[in-house]
2 protein chains.
Amino acid sequence: MEHLHDRRAPTRIADIARDTGTPRSTMYELVNTLVEARWLELRDGDGTVYFGPAMHYYGSDYLDSVDLIRKARVEVAHIAELVGETAQFCTLDGDKYLVVLNEPGRRMFRISSEIGIKVPIPWTASGRLLVDHMDADEIRRFIPSEDFTLPDGRRIAEDEFLEDMHRARTQGYVRTTALVDRFTTCLAAPVRDPAGRCIATICFVVPADTTEEAQQVMIDTLKASAERLSPGR
Amino acid sequence: MEHLHDRRAPTRIADIARDTGTPRSTMYELVNTLVEARWLELRDGDGTVYFGPAMHYYGSDYLDSVDLIRKARVEVAHIAELVGETAQFCTLDGDKYLVVLNEPGRRMFRISSEIGIKVPIPWTASGRLLVDHMDADEIRRFIPSEDFTLPDGRRIAEDEFLEDMHRARTQGYVRTTALVDRFTTCLAAPVRDPAGRCIATICFVVPADTTEEAQQVMIDTLKASAERLSPGR
DNA sequence: ACCGTTTGTCCGAAATATCGGACGTCGGTC
DNA sequence: GACCGACGTCCGATATTTCGGACAAACGGT
């Protein structure tokens, strides 16, 4: 299952066996068992398998069972529809950033969601909010050093990151441009627990050439949503 | 996992063991393994377990991988936001009706979704569309006789069902009131394949006292969405 | 038509998980 | 303070699954 999630594509059984180092005969038995239970599904008739409907049912049960996520679903759907851009709800998972909810905007430009994919904290706007309760030392210990290197090889200076973080805390939102992707801007606002600690973020992913006025509207929208999601406020 | 899905609530390990007839020690080992993999999650500190985040990630991958469902997500989110009522996307699973997508409306009146729960076809509005390619004989063979009995004991006459079905086909939508629940009206429109066969439905679940004008707007909305979802049209 | 590769199934030996019971701990009740 | 039931862990015997190799069928390129 993990392998399929990483590949994010229907995969042939023999390939799964080879790439995970599992004996072929074992993988065939395993997959057949899981297909019967509808955890997996045979696709296309070309012998590939991928996740089946049972995963969706169980996943929905999970979403409904977590209070904050259930509320966030409503907010994310609402603001994505309102603004027409891709909206997300994100948290930390260990020392990585994680997209929990993704609602694509009307713009059809990125189909694949990144739900469940872990990303280095410094690569993201939300990351600057999610660690803003730590001081410089704690952050250095918490975020692996290599995570400050972007996919294109550029390196984010540590004090630049800390500066972003402090500005974000005073402004109540954060904006980053051309971090992971040259043409994308991210806008994020913090969801905070009663102690003021950022436990999640809600954000927009928009083209970098979006007008400043439009971005201001989005920032206000995000702040309002984030406030509604912050427990005990 | 199936047991948790049926119960739809965090459950204590010992209860799962008892109710599924599994030895207690086995269930403890099993649950601990799955908790480590984040397929399950310990809740509340009261020793209950329920689905974990991994199920959500895998479920999202499934939704993204099925073309019709991916498109339906956009439609359902859109019309739920537009109208402010609960919208759903449904299909058949064997001889049962199944909610695949559920987007709650602004009305907060039913929190729990029914995603992945199977329901007898005659209990639903959509059911009258999903079998409308069959003749009376085929339907009699396809739908178990006991499924024509509603939860409150009333029985739906077979020719009444057939009549509903034919009316639905000519009108392009179906409306049912007080079927499963005395105060609820369902409005549904068919998603059809190029051969004209109903492969899914998109529907609203609204209070029975919703005005006729509002319902007409919803019906038009549903028909437009269903048309957009119908492949090869 | 040929041959090398991939696919899916089958088998017995070896590795692993399950089972059922025993046991210590924890909270409530009388 | 003694008793009771529920929780969680541990253990050896037993049942199940995995493994690796063998094999036939299907496929693709020359």
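Values reported hereafter were calculated over all heavy atoms of this structure, with side chains retained and with hydrogens, waters and symmetry mates removed. Sequence lines set the chain letters: A, B, ... in the order given, protein chains first and strands last, and positions in each chain run from 1.
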Length of the [atom1]-[atom2] vector between [X] and [N], whole Å:
| X | N | atom1 | atom2 | value |
| --- | --- | --- | --- | --- |
| A:Leu42 | C:dT7 | CG | C1' | 13 Å |
| B:Arg18 | C:dG20 | CZ | P | 17 Å |
| A:Arg12 | C:dT5 | CZ | P | 15 Å |
| B:Glu29 | D:dG12 | CD | P | 14 Å |
| B:Asn32 | D:dT9 | CG | C1' | 10 Å |
| A:Ile13 | C:dT9 | CD1 | C1' | 12 Å |
| B:Leu30 | D:dT17 | CG | P | 12 Å |

- D:dG8 base to B:Arg24 side chain: any donor-acceptor pair below 3.5 Å?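 Yes, the side chain and the base share a sub-3.5 Å donor-acceptor pair.
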- Query: Will you find, in the side chains of A:Thr201 and A:Arg128, an N or O donor that is under 3.5 Å from an N or O acceptor?
  - Reply: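 Per modelled atom types, A:Thr201 and A:Arg128 side chains form no pair under 3.5 Å.
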- Message: If you count heavy atoms of other groups shown closer than 6.0 angstrom to CD of A:Glu146, is the number above 12?
- Response: yes
- Item | Crowding at CD, B:Glu2 (>12 non-hydrogen neighbours, <6.0 Å) |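 Open.
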- Which nucleotide, C:dT7, D:dG20, C:dG20, lies nearest any side-chain atom of A:Ala14? C:dT7
- Query: What nucleotide among D:dC19, C:dG20, C:dT7 has an atom nearest to a side-chain atom of A:Ser25?
  - Reply: D:dC19
- Residue pair A:Met27/B:Asp46 against DNA chain D: nearer the 5' end by closest nucleotide is B:Asp46
- Message: Does C:dC19 have OP1 or OP2 under 4.0 Å away from a side-chain N or O of B:Thr26?
- Response: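 It does, given that an N or O in the side chain of B:Thr26 lies less than 4.0 Å from OP1 or OP2 of C:dC19.
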- Are B:Tyr28 and D:dT9 close enough that a side-chain N or O sits under 4.0 Å from OP1 or OP2? no
- Centroid separation B:Tyr62 to A:Tyr50 less than 6.0 Å: no
